[in-house]
Amino acid sequence: MRRFRNTIQHHFNPLHVYCRLRTLGCSNGFAKKLSAFYEQHVYARLSCSFFLFWACTAPQAKQKAS
């Protein structure tokens, strides 16, 4: 589970998105604007969702519940 979480965090990271846009040939300005928009509007919601999922499925949460 940890490997999956780390992979998701890496690939959805705004800096990773910026680098992939540059690799695809986007201009520096366009890649910055798009990755900033992505960070503010998409990544913030995704990271919150992943944190809540992780918090609910963490082994510590299961141990405290029992």
Side-chain angles (χ1 to χ4, degrees):
M1 186 68 173
R2 179 173 283 173
R3 178 180 277 178
F4 174 74
R5 181 173 49 97
N6 290 342
T7 301
I8 293 296
Q9 285 177 341
H10 171 75
H11 287 290
F12 285 107
N13 185 317
L15 181 59
H16 184 81
V17 171
Y18 167 79
C19 292
R20 295 298 68 83
L21 288 170
R22 293 291 290 153
T23 301
L24 291 171
C26 295
S27 69
N28 186 36
F30 179 76
K32 280 183 180 179
K33 287 180 183 177
L34 189 58
S35 61
F37 176 86
Y38 167 78
E39 180 178 16
Q40 294 168 357
H41 298 284
V42 178
Y43 185 72
R45 288 170 180 80
L46 283 177
S47 60
C48 181
S49 298
F50 283 125
F51 174 75
L52 290 174
F53 174 76
W54 174 79
C56 292
T57 59
Q60 297 86 2
K62 291 179 182 174
Q63 289 175 354
K64 289 181 182 178
S66 39

Value rounded to 0.5 Å, distance of [atom1] in [X] from [atom2] in [Y]:
X: Leu15; Y: Arg20; atom1: CG; atom2: CZ; result: 9.0 Å
X: Ser27; Y: Leu34; atom1: OG; atom2: CG; result: 10.5 Å
X: His11; Y: Asn6; atom1: NE2; atom2: CG; result: 11.0 Å

**Request:** For Tyr43 and Phe37, indicate whether the former's side chain and the latter's backbone hold a donor-acceptor pair under 3.5 Å.
**Result:**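 Flag not set: sc Tyr43 to bb Phe37 has no pair under 3.5 Å.
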**Asked** For the side chain of Arg22 and the backbone of Cys26, is there at least one donor-acceptor N/O pair under 3.5 Å apart?
**Response**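 Flag set: sc Arg22 to bb Cys26 pair under 3.5 Å.
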**Message:** Distance alone, cut at 3.5 Å: any donor-acceptor contact between the side chains of Asn13 and Tyr18?
**Reply:**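 Not at all, the side chains of Asn13 and Tyr18 share no donor-acceptor pair under 3.5 Å.
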